[in-house]
Structures are given as C-alpha cells and as structure tokens.
Amino acid sequence: MSATDRDEADGRHLRRQRNREAVVDALLTLYGEGNLDPSSAEIAERAGSSPRSLFRYFDDVDDLCGEAIRRHEERIRRHVTVGAGPDDPLDDRVAALVASRVALYEAAGAVGQVARMRAPFQPLIAAELAQGRTFLRNQVRRLFARELAAIEPSRADALLSALDVATSFESYWLMRQAQGHGRARAGHVLESMVHALLTPAQVH
C-alpha cells in the first residue's frame with residue numbers, strides 16, 4: 001500500500017470514528033432531554049446524518065444503545081470514589097458515601113434508567129450492571145467493615161443488604177422521581193436512612 005493509499009485509509013477511518021461518536025453523542029443528548037426511546041430518525045437528525053447511515057456504524061439499535069451506555073459509564077466513573085476510609089469517624093464515612101452516590105446517580109441520570117430498561121433484553125448491559133452493583137456493594141462492605149464485624153454474621157449480611165438497597169440507584173431515583181424530592185432533599189433522606197441502619201440500637 002502506498003503512502004497516499006494509507007493516508008486515504010486513515011482519513012476514512014477517522015471520519016468513520018467521528019461519525020460514530022457523533023451518533024453516540026446524539027443519542028446521549030436525547031436521553032438527557034428525557035427521550036428514553038428515540039427513533040432512528042430522531043437520532044439521525046440530531047447527529048446530522050440519515051437514518052440509513054446509522055447502521056453503517058452500528059449493527060442495530062441495541063448495539064448503538066449499548067455503546068452509548070458504555071461511553072456514559074466511562075465519563076461518570078470518577079464519581080465512584082468515596083472520600084473516606086474504614087477508619088474514619090462514622091459520620092464522615094456516611095457523609096462521604098452519600099455525597100459519592102448522589103454525584104454518581106445524578107451523573108448517571110437518564111442513561112442509568114435506560115440501562116435498567118434494556119438490561120432484561122441485552123445480556124451485555126445486564127452483565128455490566130451486575131458488575132457495577134457488586135462493586136458498589138463491596139464498597140459499602142469495606143467502608144462499614146467495623147460495624148459489620150461487631151454483629152453476628154447473619155445480622156451483618158442483612159445489614160449489608162439493607163445498606164446496599166438504601167444506597168442503590170433504584171432507591172435514589174424513587175426519591176427523585178416518584179416522591180418528587182430535589183437532589184439536596186434526596187441526599188438528606190439517604191443520609192438519614194444510612195445513619196438509622198447503623199445506629200447502635202440497630203447494630204447491637
């Protein structure tokens with residue numbers, strides 16, 4: 001292959017990559033605007049292309065949706081970090097966990113909801129969600145290891161499950177949408193729930 005041919009091939013690859021990214025960005029924008037199930041025509045219009053051209057870059061809508069969810073997860077991953085450790089005071093650990101979860105779930109937003117809608121039909125998305133849930137559960141386990149170790153194993157497992165559910169995406173968005181709480185109020189309620197689960201009356 002000549003240098004000119006290589007340059008042309010590289011140019012085509014870059015254009016394809018830019019067009020692919022534009023389609024993904026268009027879909028994420030539509031999700032962010034509240035359109036959780038946009039049509040191919042709506043996605044193409046937002047991306048500045050034609051519906052037919054979408055499937056030069058993706059196998060089907062499920063492939064496009066999966067790529068958009070993965071891209072968004074990469075963007076929000078920084079919010080997973082909790083700014084406290086197992087040896088910090090309990091109040092500091094609870095506050096740090098809630099701050100991290102609120103930031104993560106607000107950033108996930110509509111894409112997090114779409115991922116849960118599509119998981120029953122797309123095994124790769126289901127697997128990624130399961131992996132994420134395991135990570136977050138283990139994060140809670142490590143952060144409150146002292147409190148969990150202070151009680152007998154079956155109660156510790158029940159407490160961990162309760163903390164895991166209380167700090168889940170589903171619990172948070174129930175407060176935000178079904179109950180109509182704003183971000184600050186939802187965070188306050190979440191912090192109260194975690195404290196209630198971890199009070200000495202509950203733990204001992």
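- For the pair A166 and M193, the tightest heavy-atom approach, listed with the atom from each and the gap, is O-CE, 3.9 Å.
- A salt bridge does not link E21 to R18: none of the charged side-chain nitrogens sits closer than 4.0 Å to a carboxylate oxygen.
- Between A115 and I69, the closest heavy-atom pair is CA-CD1, 3.7 Å.
- Remark: L159 CG to I151 CD1 distance equals 5.0 Å, nearest 0.5 Å.
- The CE atom of M175 sits 12.0 Å away from atom CD of E170, with the distance rounded to the nearest 0.5 Å.
- Using a 4.0 Å cut-off between charged side-chain N and carboxylate O, E128 and R133 make no salt bridge.
- Here D88 contributes atom CG and L143 contributes atom CG; the two are 8.5 Å apart, rounded to the nearest 0.5 Å.
- A distance of 12.0 Å separates CG in D87 from CG in D92, rounded to the nearest 0.5 Å.
- In this structure, the side chain of R56 does not engage the main chain of R52 through any donor-acceptor pair within 3.5 Å.
- Closest heavy-atom contact between V24 and A68: CG1-CA, 3.7 Å.
- Residue I43 holds its CD1 atom at 6.5 Å from OH of Y31, rounded to the nearest 0.5 Å.
- Closest non-hydrogen pair, R101 versus L136, comes out as NH2-O, 3.2 Å.
- Contact check on D25 versus R46 returns no salt bridge, with no Lys/Arg side-chain nitrogen under 4.0 Å from an Asp/Glu carboxylate oxygen.
- In this structure, the side chain of S100 engages the main chain of H79 through a donor-acceptor pair within 3.5 Å.
- For the residue pair Q113 / R118, no side-chain donor-acceptor distance below 3.5 Å is found, with atom types taken as modelled.
- Nearest heavy-atom pair across H181 and R185 is ND1-CG, 3.4 Å.
- Cluster annotation: F135 is connected to V140 through the hydrophobic network of ILVMFWY side chains, with a link wherever side-chain heavy atoms come within less than 4.5 Å.
- Looking at S53, its side chain does come within 3.5 Å of a backbone N or O of S50 through a donor-acceptor pair.
- Ion pairing between a basic and an acidic side chain is recognised when a charged N comes within 4.0 Å of a carboxylate O; E147 and R93 show such pairing.
- By the neighbour-count criterion of 12 heavy atoms within 6.0 Å, atom CD of E152 is densely surrounded, having more than that number from other residues, nucleotides or ligands.
- The closest donor-acceptor contact from the side chain of R146 to the backbone of P86 lies under 3.5 Å.
- Checked by atom type and distance alone, the side chain of E33 never pairs as donor or acceptor with a backbone atom of N35 at under 3.5 Å.
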L163/F144 under side chain to side chain contact (heavy atoms under 4.5 Å, CB included): CA gap, chis, key distance, verdict: CA-CA 10 Å; L163 290 167; F144 300 114; 4.2 Å; yes
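- At a cut-off of 3.5 Å, with distance as the only test, a side-chain donor of Y172 or E106 sits close to an acceptor on the other residue.
- Closest non-hydrogen pair, F55 versus V61, comes out as CE2-N, 3.7 Å.
- One N or O on the side chain of Y105 and one on the backbone of T167 form a donor-acceptor pair closer than 3.5 Å.
- Using a cut-off of 4.0 Å between Lys/Arg side-chain N and Asp/Glu carboxylate O, D157 and R137 are scored as salt-bridged.
- Placement of L198 and V165 in two distinct hydrophobic clusters is found when ILVMFWY residues are connected by side-chain heavy-atom separations under 4.5 Å, directly or transitively.
- Judged by a 6.0 Å distance limit and a 45° cone about the ring axis, R116 is positioned over the six-membered ring of F169.
- Atom CG of L174 is separated from atom CZ of R176 by 12.0 Å, given to the nearest 0.5 angstrom.
- Counting heavy atoms of neighbouring residues, nucleotides and ligands inside a 6.0 Å radius, atom NE2 of H188 does not exceed 12 of them.
- A donor-acceptor contact closer than 3.5 angstrom is absent between the side chains of S40 and E42.
- Side-chain atoms of Q139 come within 3.5 Å of backbone N or O of V80 as a donor-acceptor pair.
- With D63 contributing its side chain and D60 its backbone, the two residues share no donor-acceptor pair below 3.5 Å.
- Note: the hydrophobic cluster containing L124 does not contain M117 (ILVMFWY, side chain heavy atoms under 4.5 Å, direct or indirect links).
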